[in-house]
Amino acid sequence: MSLPTSYLTSVKNLPAIIDSLQKAQAPERFTQKFLEDLGFPSSADRLVITMLKALGLLTDTGQPTQRYHEFLDRSEAKKVLAQAIRSAYADLFQLNKNAHQMQKADVQGKMKTISQGQHSDEVLGKMAATFRAFSALADFSDEVDVSRQLEEGKKLSPANSDARPVDDVSGSGPLRMSGLVYNINIHLPESRDPAVYDALFRSLREHLR
């Protein structure tokens, strides 16, 4: 089951915690003391450590991962977080590819289905609130664009086109070269000498191979 069982009991400090992490240098090991030194000493705030582990930003022993270091780059942080959320909550996104846009009640309902009733409604409510709080800090737009580009790529792939092979230089159809389709219009010079046209097409054939 790809659904984190970790959750925050309170999400009100999450934006401030994330901001503080990005301002600080990555520690050798992310501990409660490190979080306290950042100004978050409460027991509710400490739960963010287990969430960072669930999202793949920390190892099980608290060492920052490559994803954590990428997350420190503010220009990429929201995209990195979106990838982490999709990976950690993969089962949820299988039920709804736009799960990050769902309302809390809908998220809670999907989580109850995935977990097969293993958690109480109170716990599921906190899990859903945690998911939505992290999602609000992420940017999923690039992933949508990639999916759209992949879909459009399938529509434009050679397998779905009726392009002629490159060696077919007869007719006026498009020519396919290395998976790309080119339309070539040729304006022939006026001449009564057949040798002129023979030389032109021989040259064209050689350059298009």
Side-chain angles (χ1 to χ4, degrees), residues 1-22 30 32 35 38 40-62 64-68 70-155:
M1 178 181 69
S2 186
L3 183 68
T5 55
S6 304
Y7 57 85
L8 303 179
T9 55
S10 173
V11 299
K12 66 177 183 179
N13 287 339
L14 182 59
I17 293 175
I18 295 299
D19 182 66
S20 296
L21 295 185
Q22 293 174 333
F30 199 115
Q32 291 183 10
L35 194 60
L38 293 178
F40 304 96
S42 76
S43 57
D45 293 334
R46 293 172 194 163
L47 295 176
V48 77
I49 298 176
T50 58
M51 280 305 306
L52 294 178
K53 292 178 179 179
L55 292 171
L57 275 74
L58 299 176
T59 65
D60 290 340
T61 53
T65 63
Q66 178 62 31
R67 179 175 284 172
Y68 184 99
E70 293 173 354
F71 179 70
L72 295 183
D73 180 353
R74 287 184 181 272
S75 65
E76 298 294 328
K78 291 186 176 183
K79 299 175 184 177
V80 173
L81 185 56
Q83 294 171 357
I85 292 171
R86 278 198 181 276
S87 176
Y89 293 88
D91 284 357
L92 183 60
F93 281 94
Q94 281 187 351
L95 295 180
N96 188 328
K97 65 180 181 180
N98 294 316
H100 57 285
Q101 298 176 351
M102 295 167 59
Q103 297 300 314
K104 179 185 173 182
D106 295 327
V107 174
Q108 184 172 337
K110 297 296 185 184
M111 287 182 168
K112 187 171 186 177
T113 299
I114 295 171
S115 61
Q116 299 179 341
Q118 295 178 9
H119 307 292
S120 67
D121 287 342
E122 181 181 358
V123 169
L124 288 170
K126 292 175 180 177
M127 291 171 61
T130 299
F131 169 79
R132 281 175 47 80
F134 274 97
S135 295
L137 301 174
D139 179 5
F140 293 85
S141 61
D142 271 10
E143 298 195 354
V144 173
D145 291 341
V146 170
S147 298
R148 185 182 299 115
Q149 291 170 8
L150 290 174
E151 185 62 28
E152 291 177 352
K154 291 178 181 179
K155 294 178 181 178

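Everything numeric here is computed off the predicted structure, so don't read it as measured data. Excluded from the calculations below are hydrogen atoms, water molecules and symmetry mates; all remaining heavy atoms, backbone and side chain alike, are included.
Formation of a donor-acceptor pair under 3.5 Å by the R67 side chain with backbone atoms of Q83 is not found in this model.
Summarising the geometry of A88 relative to A54, their closest heavy-atom pair is CB-O, 3.5 Å, with the distance given to 0.1 Å. A pairwise comparison of heavy atoms in A99 and F131 identifies O-CE2, 3.5 Å as the closest pair. For the pair A82 and D139, the tightest heavy-atom approach, listed with the atom from each and the gap, is CB-O, 3.2 Å. The nearest pair of heavy atoms linking A77 to F71 is CB-O, 3.2 Å.
Put simply, the side chain of L55 reaches to within 4.5 Å of the side chain of L81, judged on heavy atoms. Using a 4.5 Å heavy-atom threshold, the side chains of F134 and V11 count as separate. Side-chain contact check for M51 versus L14: every heavy-atom pair is 4.5 Å or farther apart. With contacts defined as side-chain heavy-atom distances shorter than 4.5 Å, the pair M102/N96 qualifies. Contact check for S135 versus F140: side-chain heavy atoms found under the 4.5 Å cut-off. H100 is listed as a side-chain neighbour of N98, based on a closest heavy-atom distance under 4.5 Å. With a 4.5 Å cut-off on side-chain heavy atoms, Q22 and R74 count as touching. No side-chain heavy atom of T130 sits less than 4.5 Å from a side-chain heavy atom of L47.
A distance of 7.0 Å separates NZ of K53 from OG1 of T61, quoted to the nearest 0.5 Å. Taken to the nearest 0.5 Å, the CD1 atom of I49 stands 11.5 Å off from the OG atom of S6. Taking CG of L92 as the reference point, atom OG1 of T113 lies at 10.0 Å (rounded to 0.5 Å). Between atom CG of residue L57 and atom CG of residue L21 there is a gap of 9.0 Å, rounded to the nearest 0.5 Å. In this structure, CG on L38 lies 9.0 Å from CD1 on I17, to the nearest 0.5 angstrom. For the atom pair CZ of R132 and CE of M127, the computed distance is 15.0 Å after rounding to the nearest 0.5 Å.
Here D73 does not pair with K79 in a salt bridge; the nearest charged N to carboxylate O distance is not below 4.0 Å.
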Can you give me every donor-acceptor pair (side chain of residues 104-111, partner residue at least two apart or in another chain, under 3.5 Å) with its distance?
from	atom 1	to	atom 2	distance (Å)
Q108	NE2	D121	O	3.3

